[in-house]
Every structure is written in structure tokens, then in C-alpha cells.
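No hydrogens, no waters, no symmetry mates; every other heavy atom, side chains included, goes into these values.
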Amino acid sequence: MTESEAARPAHNPAAAVHGTVLAGALIAVQGAQDDPDISHLVTLVAMTQVVYWLAHVYAELVGERITRQRTPSRRPAHLLDEEWPLVAVSFGPIAVIVAFSACGASSNAAVLAGLVSIMVLLAGWALLAGYRSGLKRAEMLLYVAAS
């Protein structure tokens, strides 16, 4: 294990936060239409998350070759696993959208529910970050609100 690997957490919160923001942006843009097509929206979000995941792993591998001028220290399979949270975090909001739609909610209401779940995720990431960094209550409130 290299020093950079040892410094990284077992789970990659940065990838999960990035995936949350990406999923939220995709849902917001695609869902802004009048009566958006839910199956199209779900496919678009899932496929885009996968493309970003693969692109991020590729960029890490190439970037390491450029900066270290040698073969990357991490194997592609390890990086794929490490960056998977970028994709996996979108499953919750997608499930919320599909569940609302399946229960008879309008597509606009389903999209809104998905966006609310994104906001809850982002607030959760901010709470976790604030808690782990020792923010006081007032600082935490401001940090979560800003996030």
C-alpha cells in the first residue's frame, strides 16, 4: 500500500459528495421540463453517473502517469471500487423518484421528491463533515445551510 492509499479512507466520501451533486444537477435539469419522462430521467442519471465514474478513474490513472512519470500505484480495479460511491449515491434519489411515480404521483412531484432527497443527502454530508471536524453548534448550522 502506498502512502497516498493509506491516507485515503476505505470509503470515498469525496466521490459520494461529487456523485450527489452530479445526480442533483441532472435531476434538476432533466426534471425542469413540463411532465418529464421518468424512465428517460432515470436512464440519463444512471448512465451519466457511470460515464463520470469511468472518466474519473481514467483521469486518475493518466494523471498519475503524468505526475509520477511511471505506472500508476493503484490498479484500475482498485480505483473502480474506490470511486464507485460516485455512482452508488444516485441509487437513493432514483429510487425515490421511481417510488413516487409508481405510487401515482405526477412526474413533476416525483422529480421534486428526488430533489428533496438530494438536499437531504447534501445536508447529511455537511453534518457529517461538520461533526467530524469539530464544528460548534452555530458553526454547524451555518455550514449545513451553506452546503
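- A distance of 7.5 Å separates OG in Ser106 from CG in Asp35, rounded to the nearest 0.5 Å.
- Taking all atoms of both residues into account, the shortest heavy-atom contact from Gly19 to Val89 is C-CG1, 3.4 Å.
- With hydrophobic clusters built from ILVMFWY side chains whose heavy atoms lie under 4.5 angstrom apart, Leu121 shares a cluster with Val21.
- Between the CD atom of Glu82 and the NE2 atom of His56 there is a distance of 9.5 Å, given to the nearest 0.5 Å.
- Using a 4.5 Å heavy-atom cutoff, the side chains of Val111 and Gln30 are not in contact.
- Interatomic distance, CG of Leu79 versus CH2 of Trp53, reported as 11.0 Å (0.5 Å rounding).
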For residues 138-147, tabulate all N or O donor-acceptor pairs below 3.5 Å that involve a side-chain atom, not counting sequence neighbours.
| from | atom 1 | to | atom 2 | distance (Å) |
| --- | --- | --- | --- | --- |
| Glu139 | OE1 | Lys136 | N | 2.8 |
| Ser147 | OG | Tyr143 | O | 2.9 |

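- Looking at every heavy atom in both residues, Ala105 comes nearest to Ala109 through CB-CB, 4.1 Å.
- Taking both residues in full, the closest heavy atoms of Val57 and Pro76 are given as CG1-O, 4.4 Å, listed atom of the first, atom of the second, then distance.
- Taking every heavy atom of both residues into account, Pro36 and Gly31 meet most closely at CG-O, 3.8 Å.
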TODO: Could you give me the CA-CA distance, side-chain angles and deciding distance for Leu22 and Val45, then say whether side-chain contact (heavy atoms from CB on, under 4.5 Å) is met?
DONE: CA-CA 9 Å; Leu22 178 60; Val45 171; over 6 Å; no
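- Expressed to the nearest 0.5 Å, how far CG of Leu41 lies from CG of Leu26 amounts to 8.5 Å.
- We find the CD-CZ distance between Glu60 and Arg65 to be 14.0 Å, quoted to the nearest 0.5 Å.
- Between the CD atom of Glu83 and the CG atom of Asp81 there is a distance of 10.0 Å, given to the nearest 0.5 Å.
- Under the 4.5 Å side-chain criterion, counting only non-hydrogen atoms from C-beta, Leu54 is in contact with Leu80.
- When all heavy atoms of Val96 and Ser117 are compared, the closest pair comes out as CG2-CB, 4.1 Å.
- In this structure the side chain of Tyr58 never reaches within 4.5 angstrom of the side chain of Leu61, judged on heavy atoms.
- Heavy atoms only, all atoms of each residue included: Gln49 and Val87 are closest at O-CG2, 3.5 Å.
- Remark: Trp125 pairs with no residue by the ring pair (Phe, Tyr, Trp, His ring centres under 6.0 Å) rule, at least two apart or across chains.
- Ile97 is not connected to Leu112 by any chain of hydrophobic side-chain contacts under 4.5 Å among Ile, Leu, Val, Met, Phe, Trp and Tyr, and they are in different clusters.
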